[in-house]
Amino acid sequence: MAAATHPFFRIARLALGLAWLLGSPALAETIRVGGDFNYPPYEFINEQGEPDGYNTELTLAIAEVMGMEVDIVLGSWQQARERLLDGRLDVLQGAVFSPERSRQFAFSPPHALINHSLFARKGEAADVSLAELAGREVIVQRDSIMHEQLSRLAPQARPVPADTHSDALRLLAAGRHDFALVANLPGLYLGRELELSNLAPVGSPFPPQRYGYMVTKGNEALLARFSEGLAILKNTGRQQALYDKWLGPLESPGLPWKKIGLAAALVSLLLLLGLAAIMIWNRTLRREVDRRSRELERQQQQLLQADKMASLGILVSGMAHEINNPSGLLLLNLPVLKEACRDAEEILEAHYHSHGDFYLGGLPYSRMRDEIPAMLDDMLTSADRIRRIVDDLRDFARQGPGELNETVDLNAVVATAIRLVDTSLRQASHHVEVSYGEGLPPFRGNGQRIEQVVINLLVNACQALTGPEQGIRVSTRYLAGSRELCLDVRDQGQGIAPEHLSRLRDPFFTTKREQGGIGLGLAVSAGIVQEHGGRLEYDSIQGQGTTATLILPALQGEQSDHR
């Protein structure tokens, strides 16, 4: 039998191909992302002629944490949808889910909810319902979700298609037609930018719509990467920061505190009861702040878990089966392939000594006989790493008990957190060191919640660096004297100003307001650690770096020999 057709050589070539696939990074292919060029504040072309808005910044952030290259192209909604269908675009960054669309497209977990409103000229209508649209002319964006919903839920209405939200509002402001059905925030945004002062919302007859990424059927693998990136951004608080930056000012205009202060001062002067009024006001305000803080903390925990389950749950359920099956096949067959190589080694060596060197898989046998076992070992290691990563994501998405009744290994929690933010660590620094203390005793608590704290400390360390040459060192240790476990996260970044160190645990205090920070990460982490009977400590020298130390009480009577 010719050497090229021998079964062993076919197996060897297959092994080399699998090794190349597992050992090589994904092709650095640019992902083409499309959207609407006139849908502010979600996505639009800014004054510099560049894509901008909430969707655009969210896409760039996902590309950063997932290590992807993206090219964002904005055009009319009709063009974007046609380009997605004919393959000129890979994904749309802003699309509303509907059962009709799901037959042709696949959707990510939502990153926002879209409310649509009917706009009318001031004084002409109020509180309009679907039934009142019968026979009325309603301007709506062509081929949009509201165009579909209007035709289905209000068939007696007379839709008037327009290319953009701007066109719809301009037509209405000019006295043409009866209503304009547009997304609420873009309608308010454009009405302010275009100075259309004679328009006002007069009703919201449609329920909120789920808004997220959309791909064509068959491209779910790419959608899973965007869903994974979105889950990371949600759980690190970065997605909420972008949401607050772009959508918060329109959703929450805020209270007129200056006017309230002036009115209070005037009443105090008129009644000559300034001191009493201030005391009553402070007491009332303190009670309100305490109540709102408790409510905000409860809602935040619910949102964190809901986001985690909505994003990671969908991602893991679709990913675990698709990844574990092929990786399980590799873990099952690679040992057989190694055994086949060992069985054939004696025959190949005899042939080598009798006939001299020969080619195996396009390379000299004298080289390949040493490299093939190493390749197979690397393939086994890579397949096992794939399995561990999938298990970590599934465990992180799983809703754990609220009680602090688990026996937790600190080293295992830190290892899982590092795997989850591995991409961010590698992008932030070329010098990441991890050192695990030996024989650490466990602690009592909730491993999932401590994992969130560790992820927050690691992400903060990445953000503190000013260049990839600066390093990050992570280490765990046991303090036998106080019977406490310690996790140190040291970075060589810009450090923290002395006057800011005492305020790090204050809610909404942040030095990254311009970058979209909201100042809740360390405050939430401090609360979690306090529930576990531990503490967070910070040591920083401005310009030289910061050390964040997580300290937890160890379980008594279970520690190993630490000599």
Side-chain angles (χ1 to χ4, degrees), residues 25-37 39 42-44 51 53-114 141-149 183 209-234 239 242-243 307 309-323 326 390 393 397 423:
L27 295 176
E29 181 181 15
T30 300
I31 300 169
R32 300 159 298 179
V33 182
D36 194 330
F37 76 102
Y39 197 64
Y42 293 97
E43 50 190 9
F44 59 96
Y54 165 73
N55 291 352
T56 300
E57 287 201 15
L58 185 64
T59 296
L60 295 175
I62 289 175
E64 177 185 350
V65 299
M66 295 300 296
M68 301 185 299
E69 291 289 333
V70 295
D71 181 22
I72 300 176
V73 180
L74 302 185
S76 70
W77 169 249
Q78 296 85 357
Q79 290 175 338
R81 184 165 171 169
E82 290 171 2
R83 290 171 179 170
L84 181 66
L85 286 171
D86 63 23
R88 286 180 288 169
L89 290 175
D90 300 309
V91 59
L92 293 188
Q93 63 184 4
V96 171
F97 169 86
S98 72
E100 292 79 13
R101 289 182 174 180
S102 66
R103 289 192 287 268
Q104 191 174 15
F105 302 99
F107 295 82
S108 73
H111 55 72
L113 291 177
I114 299 289
Q141 187 176 20
R142 194 186 318 273
D143 296 332
S144 67
I145 189 67
M146 282 296 102
H147 198 171
E148 301 172 13
Q149 297 280 12
Q209 308 288 323
R210 290 180 288 171
Y211 190 61
Y213 290 90
M214 182 175 80
V215 300
T216 54
K217 289 284 188 179
N219 207 8
E220 285 83 359
L222 175 61
L223 184 66
R225 297 175 68 190
F226 278 82
S227 298
E228 180 181 357
L230 179 61
I232 293 173
L233 296 181
K234 284 184 177 181
Q239 183 264 344
L242 293 175
Y243 188 96
D307 283 345
M309 292 305 296
S311 301
L312 285 179
I314 293 173
L315 172 65
V316 171
S317 63
M319 184 179 67
H321 179 74
E322 298 299 329
I323 294 181
V390 172
L393 285 173
T423 300

_Tell me every residue that passes ring-ring contact (aromatic ring centres under 6.0 Å, His included) with F97, counting only those two or more places apart in sequence or in another chain._
F107
*If only atom types and distance count, is the side chain of Q239 paired as donor or acceptor with the main-chain N or O of L233 below 3.5 Å?*
no
*How far does CD of E228 sit from OG1 of T423, to the nearest 0.5 angstrom?*
7.5 Å
*asked:* Quick one, L74 and F44 - any side-chain contact, counting heavy atoms below 4.5 Å?
replied: no
*Hey, could you give me the CH2/CD distance between W77 and E43, rounded to the nearest 0.5 Å?*
8.0 Å
*asked:* Within the structure provided, determine whether L58 and Y243 are in side-chain contact (heavy-atom separation under 4.5 Å).
replied: no
*asked:* Quick check against the 3.5 Å criterion: does E148 have a side-chain atom that pairs as donor or acceptor with the backbone of M146?
replied: no
*Do the side chains of I31 and R225 get nearer than 4.5 Å, heavy atoms only?*
yes
*asked:* Would you compute the distance between atom CD of E29 and atom CG of D90 and round it to the nearest 0.5 angstrom?
replied: 6.5 Å
_Heavy-atom pair with the smallest gap, counting every atom of L89 and G34_ = CD1-CA, 3.7 Å
*Please report the closest heavy-atom contact between P51 and I72, naming both atoms and the distance.*
CG-O, 3.8 Å
_I'd like to know whether Q209 forms a side-chain contact (heavy atoms from CB on, under 4.5 Å) with L113, so could you lay out the CA-CA distance, the side-chain angles of the two residues, the decisive distance to 0.1 Å, and finally the verdict._
CA-CA 5 Å; Q209 308 288 323; L113 291 177; over 6 Å; no
_Aromatic plane relationship, Y211 with Y39 - under 30° parallel, 30 to 60° tilted, over 60° perpendicular_ = tilted
*Can you name the nearest heavy-atom pair linking G35 to L92, along with the distance?*
N-CD2, 4.3 Å
*With a 4.5 Å limit on heavy-atom distance, are the side chains of V73 and R83 in contact?*
yes
_Can you tell me how far apart CG (D36) and CD (Q93) are? Round to the nearest 0.5 Å._
10.0 Å
*Is there a donor-acceptor contact under 3.5 Å from the side chain of Q78 to the main chain of R142?*
yes
*Taking C-beta and beyond as the side chain, do V70 and V91 meet within less than 4.5 Å on heavy atoms?*
no
_R32 side-chain N/O to G87 backbone N/O, donor-acceptor pair under 3.5 Å_ = yes
*Counting only heavy atoms not in R210, do more than 12 sit closer than 6.0 Å to its CZ atom?*
no
*Answer yes if the ring centres of H111 and Y213 are under 6.0 angstrom apart, and no otherwise.*
yes
*Looking at CD of E82 and OG of S76, how far apart are the two atoms once the value is rounded to the nearest 0.5 Å?*
7.5 Å
_Straight-line distance of T216 OG1 to L84 CG, nearest 0.5 Å_ = 5.5 Å
_For the student: nearest non-hydrogen atoms of S144 and R101, plus distance_ = C-NH2, 3.6 Å
